[in-house]
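To start, the structure under review is shown below, and the notes come after it.
Note that ligands are numbered from 1 as they come in the structure, with each ligand's atoms numbered from 1 the same way.
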Amino acid sequence: MISEFNKICVVGLGYIGLPTASLLATKGFAVHGVDISSKIVEIINAGKIHIVEPDLDVLVKSAVQSGRLKASMDPVPADVFILAVPTPFKDDHVPDISYVEAATRSIAPCLSPGNLVILESTCPVGTTEKVAGWIQELRPDLRIPNLSPMVIGSGTDFQLFIAHCPERVLPGQILKELVENDRIVGGINEPSTEVAKGFYKQFVSGTVLITDSRTAELAKLVENTYRDVNIAFANELSLICEGLKIDVWKLIEFANHHPRVNILKPGPGVGGHCIAVDPWFIVDALPEEAKLIRTAREINDAKPDFVVKKVKENAARFKAPTIACLGLAYKANVDDLRESPSVEIVRQLAALHLGDIWAVEPHIEKLPSTLALCNVHLVPLMDALKKADIIVGLVDHAVFREIDPCELAGKIVIDTRGMWHL
Ligand SMILES: NC(=O)c1ccc[n+]([C@@H]2O[C@H](COP(=O)([O-])OP(=O)(O)OC[C@H]3O[C@@H](n4cnc5c(N)ncnc54)[C@H](O)[C@@H]3O)[C@@H](O)[C@H]2O)c1
């Protein structure tokens, strides 16, 4: 199983890095995980996990107990370095690659000739080449492949292999998809691509497709943008249907009977660390050209305001209603609240002082501080179903889908996910 690459250093132990590190450890590699959070390092070294992902607890425990997964705050010399750090955007939707730069700078002193450096973080086009540039700046002793577009893919006088391999796993199914998904590997030159492909072939059962780093970077951005644009279409339809007093769920169901139509489901907005973020990396690169992409982003970003307005209109029928918001995560059956439109909706509702705002989120134990500070209460589902005047369905967690519509009788229900077919 193991080739000449025995030791792997994974930088960033979050939703992507930790499953990757523990999977590699259970495949027989010696894995050193790195995170800037001492708490995360401590939890992992205790064989525990700090995120919710099915079966990850068992995998990490076994990886740590076997001695093949260790974590610390500092990188160590290894054969392969995998960077899986965040790539958010700044307030003005400009990509923030400072985490990638910091992670690259942290591994630079540990690099030796023959190493493979893989950037797995989703990133703007050209970032993998920047990684090569930062390494070259810090390690003039190492010969890095020539980055001139004219010579990419040629020449043999270099000592490092550098590639991008975007991650495309679905939270909730990460461990299965890490192995089974097809992967796109793009090196900054052909040897880097080939070496990185060989590495992934050792643990990926899906097809490993090869290209250059820029195409690999854009492919990942485009995959998420495709989803965003199609969700924006569904969200726009939901507004049109509201105006025309037509049931959007039935409309979509009927339209999807057309053999070549597959309209996605509308929702309260688009959240998460990927779909709500990555399209901006394309808009930032070419704002004049990316008109549809920007509009889709704006439509999806405006959807929470529409939901808030609808709740406000209904709340006006009561003196001080109890409003229960079902779901805070950015999508069904996960605990991840990042960029979640539901959190934003609940925050805005609390700021309006319409009545008591309750949140039901079975996947978390504590409210994020943004909500706790504005007097939102985290309550069990049963309490919400018994006592709330208004139920706002925000996330289609399985446990919410199972609610018997009889339990909602007599309440005002605003179902942004089409869960209950009322
Ligand atoms: N979460 C997903 O489902 C998903 C899917 C595909 C791609 N991605 C991409 O993968 C990348 C990582 O995402 P994630 O969800 O794992 O993020 P995350 O926030 O869950 O984890 C990132 C980790 O990196 C650590 N970190 C930050 N800077 C560091 C540094 N300089 N050195 C060491 N550790 C550092 C953080 O403390 C954190 O624990 C992002 O680019 C994201 O867009 C994520």
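Under a 4.0 Å criterion applied to the non-hydrogen atoms of V11, ligand 1 contributes the atoms 32 (N), 33 (C). Under a 4.0 Å criterion applied to the non-hydrogen atoms of H273, ligand 1 contributes the atoms 42 (C), 43 (O). Every atom of ligand 1 with a heavy atom of P171 under 4.0 Å away is listed here by number and element: 3 (O). Atoms of ligand 1 lying under 4.0 Å from any heavy atom of A103, numbered from 1 in the order shown and given with element: 31 (N). Near Y99, the atoms of ligand 1 lying under 4.0 angstrom from a non-hydrogen atom of the residue are 27 (C), 28 (N). Taking every non-hydrogen atom of P86 and a distance limit under 4.0 Å, the qualifying atoms of ligand 1 come out as 19 (O), 22 (C), 24 (O), 27 (C). Heavy-atom contacts of K220 reach the following atoms of ligand 1: 6 (C), 7 (C) (cutoff under 4.0 Å).
Considering backbone and side-chain atoms alike, Y15 places an N or O below 3.5 Å from some N or O of ligand 1. Considering backbone and side-chain N/O of T87, one or more are found under 3.5 Å from N/O of ligand 1.
With hydrogens left out, the protein atom closest to atom 38 (C) of ligand 1 is D35 OD2, 3.4 Å, a heavy atom. Taking atom 6 (C) of ligand 1 as the reference point, the nearest protein heavy-atom neighbour is E167 O, 3.1 Å. Ranking the protein heavy atoms by distance from atom 11 (C) of ligand 1 puts V85 O, 3.4 Å first. The single protein non-hydrogen atom nearest to atom 9 (C) of ligand 1 is T122 OG1, 3.5 Å, given as residue, atom name and distance. From the protein, the heavy atom lying nearest to atom 30 (C) of ligand 1 is I36 CG2, 3.7 Å. Given atom 21 (O) of ligand 1, the protein heavy atom at minimum distance is G14 CA, 3.1 Å. In this structure, the protein non-hydrogen atom closest to atom 16 (O) of ligand 1 is I16 N, 2.9 Å. Ranking the protein heavy atoms by distance from atom 24 (O) of ligand 1 puts G12 CA, 3.3 Å first.
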* To do: Step by step, work out the salt bridge (Lys or Arg N to Asp or Glu O under 4.0 Å) result for E129 and R214.
  => CA-CA 8 Å; E129 292 167 342; R214 296 170 68 87; 3.3 Å; yes

* Report the C-alpha distance between K90 and D92 in whole Å, list the side-chain angles of each, state the deciding distance to 0.1 Å, and finish with yes or no for salt bridge (Lys or Arg N to Asp or Glu O under 4.0 Å). => CA-CA 5 Å; K90 302 176 197 162; D92 47 3; over 6 Å; no

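We find that E344 and R347 are joined by a salt bridge, their nearest charged nitrogen and carboxylate oxygen being less than 4.0 Å apart. Between D57 and K48, no side-chain nitrogen of the basic residue sits less than 4.0 Å from a carboxylate oxygen of the acidic one, so the salt-bridge criterion is not met. Using a cutoff of 4.0 Å between basic side-chain nitrogens and carboxylate oxygens, R401 and D396 are scored as salt-bridged. Look at R227 and E223 and you find no salt bridge, because none of the NZ, NE, NH1 or NH2 atoms lies under 4.0 Å from a carboxylate O.
Between T127 and V100 the shortest heavy-atom distance is CG2-CG1, 4.2 Å.
Side chains of L59 and T26 form a contact here, defined as non-hydrogen atoms less than 4.5 Å apart.
Between F400 and H397, the two ring planes are tilted [angle within 30° to 60°]. Between H93 and F89, the ring-plane angle classifies as perpendicular under the 30° and 60° cut-offs.
Counting only N and O atoms by type, the side chains of T215 and D212 include a donor and acceptor under 3.5 Å apart.
Residue contacts with ligand 1 for A84 involve N, CA, C or O but no side-chain atom from C-beta outward (heavy atoms, distance under 4.0 Å). By the criterion of a heavy-atom distance under 4.0 Å, the side chain of I40, and not its backbone, is placed next to ligand 1. Under 4.0 angstrom from ligand 1, there are no non-hydrogen atoms of C123. By the criterion of a heavy-atom distance under 4.0 Å, the side chain of R338, and not its backbone, is placed next to ligand 1.
Atoms NZ and CZ, from K201 and R183 in turn, are 13.0 Å apart once rounded to the nearest 0.5 Å.
Partner of L326 under the side-chain contact (heavy atoms from CB on, under 4.5 Å) criterion, chosen from V413, L394, I403, T416: I403.
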